[in-house]
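Before any comments, here is the structure.
In listed order, ligands and their atoms are each counted from 1.
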Amino acid sequence: MPTPRTFVAYLLTSFVKEANPTGNMANKKIALVSGGNKGIGFEIVRGLLQAGCRVYLGAREAAKGQQAVAELAAAGDVLFLELDIANQATLDAAAAHLQREEGHLDILVNNAGINAAGDGAPSTAAVHSVAQVLQTNLLGTLAVTQAFLPLVKQAAAGRIVNVSSPLGSLTLSSQNDWGLLGYSASKAALNMLTVQLAHELRDTAIKVNSAAPGYTATDLNGFAGTDTPAQGAAEAIWLALLPPDGPNGTISSSTGPLPW
Ligand SMILES: NC(=O)c1ccc[n+]([C@@H]2O[C@H](COP(=O)([O-])OP(=O)(O)OC[C@H]3O[C@@H](n4cnc5c(N)ncnc54)[C@H](OP(=O)(O)O)[C@@H]3O)[C@@H](O)[C@H]2O)c1
């Protein structure tokens, strides 16, 4: 059974498809999804394609990105963009490419993320593993956001979605034995990026929100998750397509708002 939020996202994408059946309208939304070659990111790309967007599928390995683009080609207007969120040169080149090709970016989904062997409970987590997760999930995402923000500002009403996690909730962390200090801290810090950027841009039409997928069966957890990647993608798709009166500076899962 779809959750209420998933159902609303479906209606929204159906509506956009109705309004834009050919995908050729001049006002087609331009989207970029980092880590789009597999897992939740792949399904976010698919959902945005089904909503009629032109989607740049960001991937750090060209072969994997091209393969994913080939798999999604039938779903809509999808293009590969090399993007290693830990490599500033690829970010600069990708932003320059988008500037030349599109001149703006309507939707930025910061989905790429990692966990690291050696991460663990605060008493035992390897410091270098914690640093590695923070480097990618926080600093890499910050670098992507800074690289593409000038393009998002050129859009009529930009949307930035940071793919966070319930494990980044301070409230939920005080009630659960998750034992992944680096990963949780990286997502809590990512939520701070969401809140501060939303506040900084509060006088613009841009909205910045965190999406928190549930426990999703992907490479990240050895496919142990209980949700499908499509379920994991639903909230990010919803937040990427928010109407003007949608939320700003929030964190939510497909069942509704989450505590910070
Ligand atoms: N799975 C869950 O239960 C769950 C729950 C809540 C939140 N999340 C979040 O959802 C997001 C997607 O994770 P997933 O579960 O779909 O895991 P996944 O299948 O492992 O996908 C992660 C994606 O991020 C990419 N990536 C990692 N480091 C990158 C870098 N430096 N530059 C560019 N891309 C990079 C990966 O690329 P490669 O293929 O090249 O490695 C892959 O495309 C992550 O932010 C994760 O923290 C996951």
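Between Gly113, Ala112, Gly232, Gly41, it is Gly113 that holds the heavy atom closest to atom 22 (C) of ligand 1. The closest non-hydrogen atom to atom 39 (O) of ligand 1, taken over Leu83, Leu91, Asn115, Asn37, comes from Asn37. The nearest non-hydrogen atom to atom 44 (C) of ligand 1, considering only Thr136, Asn111, Ile114, Val133, comes from Asn111. In the candidate list Asp84, Val109, Thr216, Thr90, Thr216 is nearest to atom 2 (C) of ligand 1, counting heavy atoms. When the heavy atoms of Ser164, Gly168, Gly39, Ala212 are ranked by distance to atom 7 (C) of ligand 1, first place goes to Ser164.
For atom 10 (O) of ligand 1, the nearest protein heavy atom (residue, atom name, distance) is Val163 CG1, 3.4 Å. Of the protein's heavy atoms, Gly214 O, 3.3 Å lies nearest to atom 5 (C) of ligand 1. Shortest contact from atom 15 (O) of ligand 1 to any protein heavy atom: Thr218 OG1, 2.6 Å. Nearest non-hydrogen protein atom to atom 41 (O) of ligand 1 is Arg60 NH2, 2.8 Å. Annotation: atom 47 (O) of ligand 1 to nearest protein heavy atom, Tyr183 OH, 2.5 Å. The closest protein non-hydrogen atom to atom 25 (C) of ligand 1 is Gly35 CA, 3.8 Å. Of the protein's heavy atoms, Ile85 N, 2.9 Å lies nearest to atom 32 (N) of ligand 1. Of all protein heavy atoms, the one closest to atom 21 (O) of ligand 1 is Lys38 CE, 3.8 Å.
Atom OG1 in Thr216 sits 4.0 Å away from atom CD1 in Ile40 (nearest 0.5 Å). Separating the OH atom in Tyr215 from the CG atom in Leu220 is a distance of 9.5 Å, to the nearest 0.5 Å. With values rounded to the nearest 0.5 angstrom, Leu91 atom CG is found 10.0 Å from Gln146 atom CD. For the atom pair CG (Leu134) and CG (Asp119), the distance works out to 9.0 Å, reported to the nearest 0.5 Å. The distance from atom OG of Ser173 to atom CH2 of Trp178, rounded to the nearest 0.5 Å, is 5.0 Å. With rounding to the nearest 0.5 angstrom, the CG atom of Leu72 is 3.5 Å from the CZ atom of Phe42.
Counting the atoms of ligand 1 from 1 in the order shown, those under 4.0 Å from a heavy atom of Tyr215 are 3 (O). Residue Asp219 approaches ligand 1 through these ligand atoms, each under 4.0 Å from one of its heavy atoms: 19 (O), 20 (O). Those atoms of ligand 1 with a heavy atom of Ser165 less than 4.0 angstrom away are 6 (C), 7 (C).
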Requested in this report: Tell me, with the steps shown, if Asn110 and Thr141 meet side chain to side chain donor-acceptor pair (under 3.5 Å).
Outcome: CA-CA 6 Å; Asn110 284 314; Thr141 303; 5.2 Å; no
Requested in this report: Would you please test Lys38 and Asp219 for side-chain contact (heavy atoms from CB on, under 4.5 Å) and show each step?
Outcome: CA-CA 9 Å; Lys38 67 180 181 183; Asp219 256 349; 2.7 Å; yes
Report task. Please step through side chain to side chain donor-acceptor pair (under 3.5 Å) for the pair Ser210 and Ser164, ending with a clear verdict. Result -> CA-CA 6 Å; Ser210 284; Ser164 183; 4.6 Å; no
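For ligand 1, the polar-atom distance check finds an N/O of Ile40 within less than 3.5 Å of one of the ligand's N/O atoms.
Look at Asp106 and Lys29 and you find no salt bridge, because none of the NZ, NE, NH1 or NH2 atoms lies under 4.0 Å from a carboxylate O.
Distance alone, capped at 3.5 Å, is enough to place a donor-acceptor pair between the Ser129 side chain and the Ala117 backbone.
Looking at Asn221 against ligand 1, only its side chain comes within 4.0 Å, counting heavy atoms.
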